[in-house]
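Notes follow once the structure below has been shown.
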Amino acid sequence: MWTAIVVFTVLALALGLLLGYAGQAFKVEGDPLADKIDALLPQTQCGQCSYPGCRPYAEAIARGEADINQCPPGGEATIKALADLLGVEAKPLSAEHGVEKPKMVAWIDEQVCIGCTLCIQACPVDAILGAPKLMHTVIVDECTGCELCVAPCPVDCIYMQPLVPTLEQWRWPSPEERLAIAEESVAGSVRMDSHQHEVAKTGRAES
Amino acid sequence: MTEFLLIFISTVLVNNFLLVKFLGLCPFMGVSRKLETAMGMGLATTFVLTLSSVLSYLTQNYLLAPFGLEYLRTIAFIVLIAAVVNFTEMALKKASPLLHNVLGIYLPLITTNCAVLGVALLNVQEEHNLAQAAVYGFGAAVGFSLVLVLFAAMRERLAAADVPKPFAGTPIGLITASLMALAFMGFAGLVKV
Amino acid sequence: MSERILYRFPGGFHPEQHKNESNAKPIRRAAMPAQLVIPLKQHIGATAEAVVNVGERVLRNQRLAKADGYVSAPIHAPTSGLVRAIEEHDVPHPSGLRAACIVLEPDGLDEALQAFEPWPDFGEIAPLLLRERVREAGIVGLGGAVFPSAVKLAGTPGTAIHTVLLNGAECEPYISCDDRVMRERAEEVLRGGQILMHVVGAGKCLVGVEDNKPEAIAALRAAALKLADPRFEIVAIPTIYPSGAEKLLIHVLTGQKISRETRVTERGFLGNNVATAAAIYRAVVLGEPLTRRVVTLTGSGLNAPGNWDAPLGMLASDLIAQAGGYQPDVARLVFGGPMGGFALASDEVPLTKAANCFLVLAAPDAPVEPLPMPCIRCGKCAEGCPVELQPQQMLWDARAGDFERAEKQDSLFECIECGICSAVCPSHIPLVQYFRYAKTEIWQREREHEKSSVARDRFEFRNTRIERDKQEREAMLAQKRAQLAAQKAAEPVAAEAAVDDKQRAILDAMARAKARKEALQAEKTAASEDAAHE
Amino acid sequence: MNTTADVVVDSVNKPAPTGPAYAQLALDGLWRNNPALVQVLGLCPLLAISNTTVNALGLGLATLLTLVVSNTLVSLIRHWVRPEVRLPVFVLVIASVVTAIELAMNAWLHGLYVVLGIFLPLIVTNCIIIARAEGFASRHDVARAAFDGLMMGLGFALVLVALGVMREVLGQGTLLANAHLMFGEWGRGLTLQVMPENYGFLLAILPPGAFIALALLIALKNALDGRRV
Amino acid sequence: MRFPTLASPHIAPNNDVSRLMKQVLLALIPGTLAAIYFFGWGVLLNILLTVAAGLLTEAVMLALRHRPLKPFLSDGSVLVTAWLLAVCLPPLAPWWLPVVGISFALVFAKHLYGGLGYNLFNPAMVGYAVLLVSFPKEMTQWGLPQGVAAQALGFVDSAMYVFSGHLPAGVAWDGLSGATPLNVYKTDLGQGAAWSSIQQHSVFSSLGGVGWEWVALGWLLGGVWMLWQRVITWRIPVSMLLSFTLLTLAFYLYDPTHFASPLFHLLSGGAMLGAFFIATDPVSSATTARGQLIYGAGIGVLVFVIRGFAGFPDGVAFAVLLMNIAAPLIDHYTPARPFGRKKHE
Amino acid sequence: MNKQQIVLTSLVLAAFTLLGVSVVAFMHQQTEPLIQAQMDAALNRQLAAVLPAGFDNDPAASVRALPDDVLLGGKGGALVYTARKGEHVTGWALRVIAPNGYSGAIHLLVGVDAQGVVSGVRVISHKETPGLGDPIEESKSNWIHGFTGQGLGNPDTKGWHVKKDGGVFDQFTGATITPRAVVQAVHNALLYVEQHRAELLEARP
Ligand SMILES: Cc1cc2nc3c(=O)[nH]c(=O)nc-3n(C[C@H](O)[C@H](O)[C@H](O)COP(=O)(O)O)c2cc1C
Ligand SMILES: Cc1cc2nc3c(=O)[nH]c(=O)nc-3n(C[C@H](O)[C@H](O)[C@H](O)COP(=O)(O)O)c2cc1C
Ligand SMILES: Cc1cc2nc3c(=O)[nH]c(=O)nc-3n(C[C@H](O)[C@H](O)[C@H](O)COP(=O)(O)O)c2cc1C
Ligand SMILES: Cc1cc2nc3c(=O)[nH]c(=O)nc-3n(C[C@H](O)[C@H](O)[C@H](O)CO)c2cc1C
Ligand code: SF4
Ligand code: SF4
Ligand code: SF4
Ligand code: SF4
Ligand code: FES
């Protein structure tokens, strides 16, 4: 028994010295992971993830506090990118944080706008132009569609409108989307019997 | 030489650590979603496994056995492994920051990889000598890495498959592992000992 | 002419040809319709900028829109009349989106303007001037890619062009406009070839024509004899789709394999469609801008298929009415050929420079998309792929949403969208659809990523600004208090000015960075669109 | 991911300011965050030692005991351990506990000890144990840590036994074969012949069968959860 | 006028999956006829049993997964899987053996992966391997070929035996069954016998084994027809047979007492069936051109290794499954080399 | 690098090691005799199963290694345990190897009484195919009991084969190799006892 204690104490002291040294040598510096995560987030800065902006959410994920499925603007694509980065299973968007919507931009009805500047203060990316008492306009290219300017407007003159793609920006629908579109479109344009839909769905990856 | 070859073939193919001996399954299931990750893990494990196989042999024969402390084997080995892992990390950081970037995150995971402790204990059980222990550890690691990498490539292909919902993710991974184990049974009897 | 050794490109496909429906009758001249709808973008590159006003009367050949940038092309009036509107209108585009068009009401007088000075002795004219003429005449590739021809003529600095290639393959089934042009305007085509050789200083002109067009080959050979120009070589090539794709054609004719990253001009080739060559001839020798083109109207859904020489902007519905209207069981309208073309939702779209064919299919020939089954990895698609891709792998990537892998590992952007893989797939999977989707999705993600970086910068900038404002305000308050206490004045103003300067500098820098990024992006999109069509 | 669950639990549970409620801990360990079915940890013993019910029961109990004791100890010492050596110390504590249990089993359940082989010492590297020590015990009071160990251990052991039952019944048609290894000679009477005498679907007790059985259990849980959500 | 906008290309397809599968079934006929001739009605019973149970399993799984029945039941892939599994099973095996095999194969190797097209492993070979390791007794009771067997059973008697396990009076099981040539080869060689003396066993003939050689030639015939019909490409069968032949030849030349001739290896067991019908399963094999060469060669090597040195008499099933494992990695490392690109770009 | 920190770290680790090891070492002291007894008991149970009943010594303790001999499997490691009643040898248990099983060596414990009659056989370990070769295990079938009571003359040498080879012992359906190997090994063990009887009777460990 005593041999055991002596031998192991010596062993532990030795290893302890080494581990202590290692522990000192390995102090983690900075958080490169949060940067990588932040780079994948859409930067809408809308706060729907329940964090005050994308960066704080990125940091929360890096700390293991937040799940990867809380950003509705990023939607499925962002979740998948995050899952790949972190080596975890992708999962559907958490319903309590919102739903994925088509890309929108704010539009200000200039007839109604009273130039109160409340929306300017709300916009996280300075996408609204205007001065006090003058009508305001949204710089479409800068607007991220975060909707944060809608609520503050005292006369409710800000509307979110779907972003219409130009010919250059247009993207082909995937065959799955095409089928979904066809399903919705006016009867007669594309006819498919129900089992064709079924089959089309079988081609789709479950996530 | 033949002897070492047989030990090697046996640990890589016939008695594969993952598929036959069931050692090291948690990282196998956990870090096999991407091929690159799996390769990193395989490399890191190979290094640690071989090294700790040899070191545990030395500990057993020059520290525990002389003092009659075999019953403390588990404790000695696990502390040793933790140290080896820590050291690998440090050495790597010093020697090759690039490699450290690639392997760094996997190293801590290895401490709780059954395969590492398993190799150490099996070396004792099978009464290997030093050279055998080294080959055994290396073979086990190669077998581990081989299967891990093959599995990762298969799982990447599963990404687009229409797997039934309840089976998506881990279950279908396990089914795949099962069929891999079935295929590896074809090697049974390759090395008769 | 000595026999040239021909090469076989990988893969390929033998669709039913269906050329006879339309290639028997000569080209007919379409009657001027009551209205022309002329899109401002009929080419790859920046949309042209209208230079006429609503209500203005214009003459034939008068410039309606000017090129907006280097990769762009002007647009000219096909006849005289009134500009009724400049508005959004349906255009032939797979998106079904509308785009800006000039609506012209022909006055029936067809009064013309001599747009350019005719240069019958083009050999005397400096190549630079000729290239400028090609640009001014609004000539773009009529082989489908509609890339501004003048840009192509500039070649690649540092490499000499040794061979001009006239592409008369017309490999798509059904289409026969190039066939008829070669038969009826063989001399114009070859004269165009001479101009091209002169511009780029090439010593050789190869004309590749699929061997299913013997009359065209004969006509070209006769014309070459007549011109007594030994630089021409008219080559009959085997009929395999898509032998008309430029790099494949070069391979067939010379055995060279040119990858996507390499432009053909870097290897000393200049490729042009035969109709483009004819258009260049007209622009140079007759001084006419590009205002009309020959288009094939064909398919089982039409009463009288054939080729028409029609003004740009003429609506497909008007053209089809001239071609005898629809068969009762008409089921589909396709812009382009059956392999590479896309279906149109409406026939109220104008004829554009890109329009080589309106294919109208009757129900029996227009099968409802067959049921897609899962991919069984049979590899038929890979066997057929002329650029040696693995479509089944790219399909897997696209479906798994692994676009990075599709691009890096499986070379998605090498795909020329020829449609063979879709056509041969026993599981009836619309593979090209997936690839088009994946390519455009990747571009969209890049754009979004750009946008999100900008948003991050702006957000961070705003935060620092707010933070600084707050500090400033506090500082000011403190200072005021201090002022009150010490009765001092001058300094703080200077400090404030300094801060303002700094802020402006940051804003300026951001604006500059943004401009640069946009420029890069535009270039990239143009380049990739271009590549996708080649 | 444990941490996530803990955070959620923390916020849900108001009456206990010091940590999650015991009911939550029980639910977590047994079902919601089950170590075997959800965290997919401790796979090696789960698959290697589930070929018979008795082996599964033996190892399950040993693991359960280790978890309770190690969680308790870790919680007790949590304030004295420096961060750099936290992991080594935890590992050391666990290894000591396991060795003690190993010695005890060797002395009193020798037959089972021989059958379990190296998987007894390998409890040390069972990822669940270190995960609970790190993720839970080192942050909560002793009572909760012990209870968490108990529930996690139970969750693990139950899955292990379920696998054992599945594989034994399917593979060799018996239940509780070799019960004497655990319960002594009277245990021989416990063995049940569930299937006809010559029955045997060997796959179930071979390695592939182990993977499939676990896959089926996890899928079953997913299906049950899916229906509720 | 408005039109529907369907996807290009706008030409009618001339091929489909069920046509492909029907061609495979046609190609299976010569070998199957030979097998029935030499090994009796049990072969046919196996096919009937696997097909019936296979269709039922497929239907149940499709229903459970809420997938349409008609297109998938009629695609013919179940028939191919069932048929291939059936001809690998011992004739006169008890009825539940084919049933368990095909059901396991379709449930675990096919539908849990998403059904047709998504499986990573060859379902038929999974079925075979599972049966082999689970029921080795039943799986090694092979019928003796016509000409060696002392007796033969009619169709009704065969069916009686398969379903009830009772032989007609006067017929002994020992007169019907015995070891396959490969089994004799493996067992006797393991006990130290020389190849020349092993060959004296009654189940051997001049080429392969009695009957087996004709069955193998039947598969070869069907395989060549599939090549001609472009159902399969040459890469996998040729590379597999080539590597297999070269290895067996090398070892045979090195030590003819302990290694059988390549001809015997090629014409016995599942080598031919494997080369043309099983290794070529498009879904689970490598799909790139270079990958297919590696894949086929790998199978050839593994069949040789397992037949020659491991515990199983025939290695085709395991070799195929092992290379199924490697297929995704092979595909990953043999990416497309697009038109005009150099090797290392 | 902070030296003090390092030392502190190692001290903490050492302290916990000390604690853990002490507990375990104490535990070891307590259980050691019990474990030894358990191991002996396990071996004795095995030996009792094959040895003729009625010995009064501790056969586990009277163990002796045997020199290599083809009859013992020829791979070394053969042992003999001797059972005695008083000074009188009542039988032996031989640990032998059947080298030619289907998948390798089969380790056997063959009990022989003083008259050279088999008193019991058990398989200690083997690698035969599950479901095919494993009925040699006692837990799987009674086949192994078939040896009890057989001796060298009973049956005669021809009879010491499986039925297929003209002997008296059953083979299993589909598996002849395994029983053949076991029968041969038991027969060889008997031959060995016969040839070395004198030695075995006298030798003491
Ligand atoms: C699949 C495919 C098929 C093509 N077929 C033809 C063709 O038949 N005739 C043709 O002139 N251009 C064809 N092209 C376009 C040529 O590649 C090339 O862009 C064109 O010949 C360039 O001439 P242009 O600029 O005068 O249009 C095809 C392109 C692709 C991608
Ligand atoms: C791929 C493959 C194909 C087979 N083809 C046939 C066959 O056509 N006819 C037949 O009777 N047995 C066939 N078999 C059965 C095997 O040859 C047989 O299972 C193998 O030789 C093992 O039997 P054994 O273990 O009894 O030798 C095939 C087996 C496999 C794996
Ligand atoms: C996969 C496989 C495993 C086998 N395992 C054994 C075995 O463990 N023991 C055995 O005696 N025979 C085994 N055999 C059977 C032998 O190859 C051989 O067929 C048998 O011993 C000859 O017996 P028979 O003459 O009764 O047919 C196995 C066969 C196969 C195909
Ligand atoms: C040439 C060819 C070979 C095939 N070989 C097999 C086979 O070996 N095993 C099998 O289960 N299915 C086979 N199939 C059928 C089909 O591919 C198989 O059921 C799929 O693996 C199921 O997804 C084959 C099909 C073709 C066209
Ligand atoms: S929900 Fe997404 S976009 Fe909105 S702030 Fe959070 S991370 Fe940014
Ligand atoms: S304009 Fe409105 S919607 Fe757009 S970014 Fe600013 S606050 Fe968000
Ligand atoms: S042709 Fe169709 S089924 Fe065959 S591999 Fe290509 S995509 Fe898959
Ligand atoms: S569409 Fe693209 S992938 Fe398909 S065959 Fe043509 S080039 Fe190849
Ligand atoms: S239990 Fe986790 S690796 Fe073995």
Side-chain angles (χ1 to χ4, degrees), chain A residues 38-45 53-55 73-74 76-81 84 90 103 121 123-127 139 141-146 164-179 182 185 189-193 195-205 207, chain C residues 41 46-47 91 93-99 345 368-375 395 398-404 427 429-445 447-449 451-463 465-466 514 518 522 525-526 529:
Chain A
D38 193 39
L40 296 176
L41 296 175
Q43 306 302 328
T44 307
Q45 316 294 359
C54 302
R55 177 82 206 179
E76 218 175 292
T78 298
I79 294 173
K80 187 167 180 309
D84 279 353
K103 291 264 173 297
Q121 289 161 38
C123 179
V125 293
D126 290 342
I139 315 169
D141 282 346
E142 309 289 0
C143 171
T144 63
C146 68
V164 187
T166 63
L167 284 189
E168 286 84 6
Q169 289 170 350
W170 177 74
R171 149 173 112 40
W172 283 86
S174 76
E176 286 90 6
E177 287 167 337
R178 240 174 51 83
L179 280 175
S185 72
S189 72
V190 178
R191 283 265 197 69
M192 259 172 292
D193 49 48
H195 95 177
Q196 192 164 350
H197 289 284
E198 283 289 348
V199 176
K201 279 180 206 147
T202 61
R204 187 177 287 184
S207 49
Chain C
K41 180 171 158 106
T47 306
V91 290
H93 191 270
S95 64
L97 289 170
R98 297 159 77 87
V368 178
E369 275 174 45
L371 245 136
M373 297 283 284
C375 167
L395 167 72
R399 275 230 294 252
D402 194 344
F403 296 107
E404 192 184 332
S427 285
I429 298 168
L431 289 142
V432 223
Q433 286 281 104
Y434 278 100
F435 306 152
R436 287 175 173 149
Y437 151 70
K439 288 179 184 178
T440 45
E441 172 76 19
I442 290 171
W443 290 330
Q444 176 163 321
R445 288 191 181 183
R447 277 194 304 268
E448 273 169 17
H449 196 257
K451 194 171 169 182
S452 75
S453 315
V454 173
R456 183 186 302 109
D457 291 347
R458 292 180 69 93
F459 179 61
E460 280 166 9
F461 175 73
R462 177 173 181 269
N463 285 350
R465 190 198 66 210
I466 291 173
K514 188 174 163 238
E518 268 168 10
T525 325
E529 262 179 53

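Quick caveat, the model's predicted, so the values are computed rather than measured. By convention in this document, chain letters (A, B, ...) are assigned in the order of the sequence lines, proteins followed by strands, and residues within each chain are numbered from 1.
Only the backbone of A/Pro42 comes within less than 4.5 Å of a heavy atom of chain C; no side-chain atom from C-beta onward does. When heavy atoms are compared at a cutoff of 4.5 Å, A/Gln169 approaches chain C by way of both its backbone and its side chain. Neither the backbone nor the side chain of A/Cys54 comes within contact range of chain C; no heavy atom of the residue lies under 4.5 Å from a heavy atom of that chain.
Looking only at distances, a side-chain donor or acceptor of C/Arg456 sits under 3.5 Å from a matching main-chain atom of A/Asp38.
Between A/Glu168 and C/Lys41 a salt bridge is recorded (basic side-chain N to carboxylate O distance below 4.0 Å). Taking the charged nitrogens against the carboxylate oxygens, A/Asp126 and C/Arg462 do have a contact shorter than 4.0 Å, which makes a salt bridge.
Using a 4.5 Å heavy-atom cutoff, the side chains of C/Gln433 and A/Trp172 are in contact. Using a 4.5 Å cut-off on side-chain heavy atoms (C-beta onward), C/His93 and A/Trp170 make contact. At least one side-chain heavy atom of C/Arg399 sits under 4.5 Å from a side-chain heavy atom of A/Glu176.
Residue C/Asn463 holds its CG atom at 12.5 Å from CZ of A/Arg55, rounded to the nearest 0.5 Å. In this structure, A/Thr44 OG1 and C/Lys451 NZ are separated by 8.5 Å, a value rounded to the nearest 0.5 Å. If you take OG on A/Ser174 and CZ on C/Phe435, they are separated by 13.0 Å, rounding to the nearest 0.5 Å.
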